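Here the structure is a predicted model, which is why all the values come from computation and not from measurement. Excluded from the calculations below are hydrogen atoms, water molecules and symmetry mates; all remaining heavy atoms, backbone and side chain alike, are included. Quick note on labels: first sequence line is chain A, next is B, and so on, each numbered from 1.
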Number of protein chains: 2
Amino acid sequence: MTGFFQTASGQRCALSAVMGLRERKKLDAWRTIRSTALRLISERGFDAVSVEDIAAAAGVSRTTFFTYFPNKEAVVHDLDPAELQQWRELLEDPRDGMPLWDALTEVLLGLARLLEQRLPLQKRLFAQSPELCQSSRGPCASYQPDLEEWLSRRTTDGDDLRTALTFSTAMAACTTAIAAWDPDDSYEHFREILRDCLRWAGAGLARPVS
Amino acid sequence: MTGFFQTASGQRCALSAVMGLRERKKLDAWRTIRSTALRLISERGFDAVSVEDIAAAAGVSRTTFFTYFPNKEAVVHDLDPAELQQWRELLEDPRDGMPLWDALTEVLLGLARLLEQRLPLQKRLFAQSPELCQSSRGPCASYQPDLEEWLSRRTTDGDDLRTALTFSTAMAACTTAIAAWDPDDSYEHFREILRDCLRWAGAGLARPVS
DNA sequence: TTCAAACTTGTACTCAGTTCAGGTTTTGCC
DNA sequence: GGCAAAACCTGAACTGAGTACAAGTTTGAA
């Protein structure tokens with residue numbers, strides 16, 4: 001999530017198009033490190049795996065690990081560059097005509113669609129290594145900076161406090177839905193939970209002024 | 001916040017009553033370490049002060065620091081034992097007859113009253129050392145475990161998902177109010193912001209079923 | 001072929017957090 | 001007052017995260 005692939009070649013990298021050898025290697029390395037890390041962590045638990053273990057198992061140096069991931073937790077949270085591109089596309093449109101709550105709902109449901117492959121594994125990791133739950137702010141918080149940037153691109157339609165509250169309430173709904181979902185259930189079920197949470201939480205916030 | 005004074009003498013310690021020399025010294029040490037730490041951190045910033053610096057300046061060993069505070073951040077977040085006692089008293093009553101949202105509102109407004117002395121300084125620290133904002137989950141999150149325990153003591157009146165959502169929405173309102181408040185304004189103003197946030201966020205959640 | 005930019009790596013460092021064995025202080029009790 | 005046990009403090013030694021940097025290697029383009 002934190003500026004490596006984003007800033008790498010100026011623009012976001014053309015994933016499906018022809019990439020230089022350099023970029024292809026980088027992507028490979030990223031994926032190798034990540035999948036190695038996830039395998040080790042799901043086997044032994046987050047704290048029982050050191051960055052050194054991960055680097056060694058991925059055939060890379062410890063230093064290199066930290067050029068790909070800003071910290072150990074990021075290897076669990078960060079998006080694959082391909083997903084990242086979809087996520088950026090989802091955020092391109094500030095949905096300016098739409099009331100904030102509706103726009104947020106749309107973006108978060110879109111995000112849920114993107115996470116279909118990752119979220120089940122991630123929840124299992126969290127369940128296995130409670131140390132992750134403590135130290136990190138949950139899967140959802142990784143997207144908060146991007147969302148804040150998105151929010152700032154919308155033309156502000158009034159009360160800042162209300163805007164901030166609406167935003168954080170939507171994030172809370174998201175976090176709650178993730179927490180409530182059992183990863184053994186269908187992903188569709190998760191999306192229903194999320195829809196419910198957003199609907200309930202938004203009931204009082206959906207319309208501009210009270 | 002994390003089990004030192006709580007578990008020390010079995011019960012919570014009788015602060016105003018006669019305490020043994022041992023407990024008085026412990027409390028003194030706690031306060032010395034804390035105030036020393038806050039002074040240094042507000043002078044130099046969170047990351048520029050090491051635990052060793054704090055311990056040395058407080059006339060105590062590094063090891064001792066970690067018996068009083070579970071980690072470096074806790075020195076900013078943890079409650080003074082006197083405040084902690086008031087906070088526990090506030091949570092004694094599960095407010096069982098009351099709808100969840102109203103009970104939460106009451107507890108959180110009570111918490112706001114307790115924090116009058118601490119919050120302004122704390123916000124200033126956060127403003128000065130952005131590294132704190134990143135790594136920690138905000139002042140509000142310190143109280144979450146206690147609140148969850150309080151929540152679990154209430155007789156559950158229905159839908160777990162809705163309960164969880166209500167809870168996290170109230171926390172979000174609290175966090176938002178803290179973020180929105182300017183510590184140079186009056187504390188009363190903060191409490192108004194918090195009331196507004198709770199009212200707005202709760203508009204859709206206040207009544208049991210939708 | 002050549003050169004600059006991008007990437008990797010080992011080394012060496014700082015600091016958070018843990019463990020533990022000994023020394024010191026407090027307390028309850030005689 | 002004196003004593004033993006419990007509680008407390010401390011220094012030393014350790015693990016592991018994260019950073020800085022200089023030297024080496026690979027890639028892309030001319």
If I take atom CD1 in residue A:Ile33 and atom C1' in nucleotide C:dT8, what distance separates them, rounded to the nearest angstrom?
11 Å

So, does A:Lys25 get its side chain near the phosphate of C:dC7, meaning an N or O under 4.0 Å from OP1 or OP2?
no

Side-chain donor or acceptor of A:Arg113 paired with backbone N/O of A:Arg191 under 3.5 Å
no

Within 45° cone and under 6.0 Å: B:Lys72 NZ/CZ vs B:Phe66 ring
no

For nucleotides 13-23 of chain C, read 5' to 3', which letter fits each nucleotide if B means a protein heavy atom sits under 4.0 Å from the base, S means only the sugar-phosphate is that close, and - means neither?
---BBBBB---

Closer than 4.0 angstrom, basic N to acidic O: yes or no for B:Asp53 and B:Arg44?
yes

Rounded distance (Å) that lies between atom C1' of D:dC8 and atom CD of B:Glu23:
13 Å

Taking the six-membered ring for Trp, are A:Tyr187 and A:Trp181 parallel (under 30°), tilted (30 to 60°) or perpendicular (over 60°)?
perpendicular

With under 30° as parallel and over 60° as perpendicular, where do the rings of A:Trp87 and A:Tyr143 fit, or are they tilted in between?
perpendicular

For D:dC9, take OP1 and OP2 only and decide whether either is under 4.0 Å from a side-chain N or O of B:Tyr68.
yes

Output one letter per nucleotide in nucleotides 2-7 of chain D: B when a protein non-hydrogen atom lies under 4.0 Å from the base, S when only the sugar-phosphate is that close, - when neither is.
----BB

A:Glu52, CD atom: more than 12 neighbouring heavy atoms under 6.0 Å
no

Over 12 foreign heavy atoms within 6.0 Å of CD, A:Gln144
yes

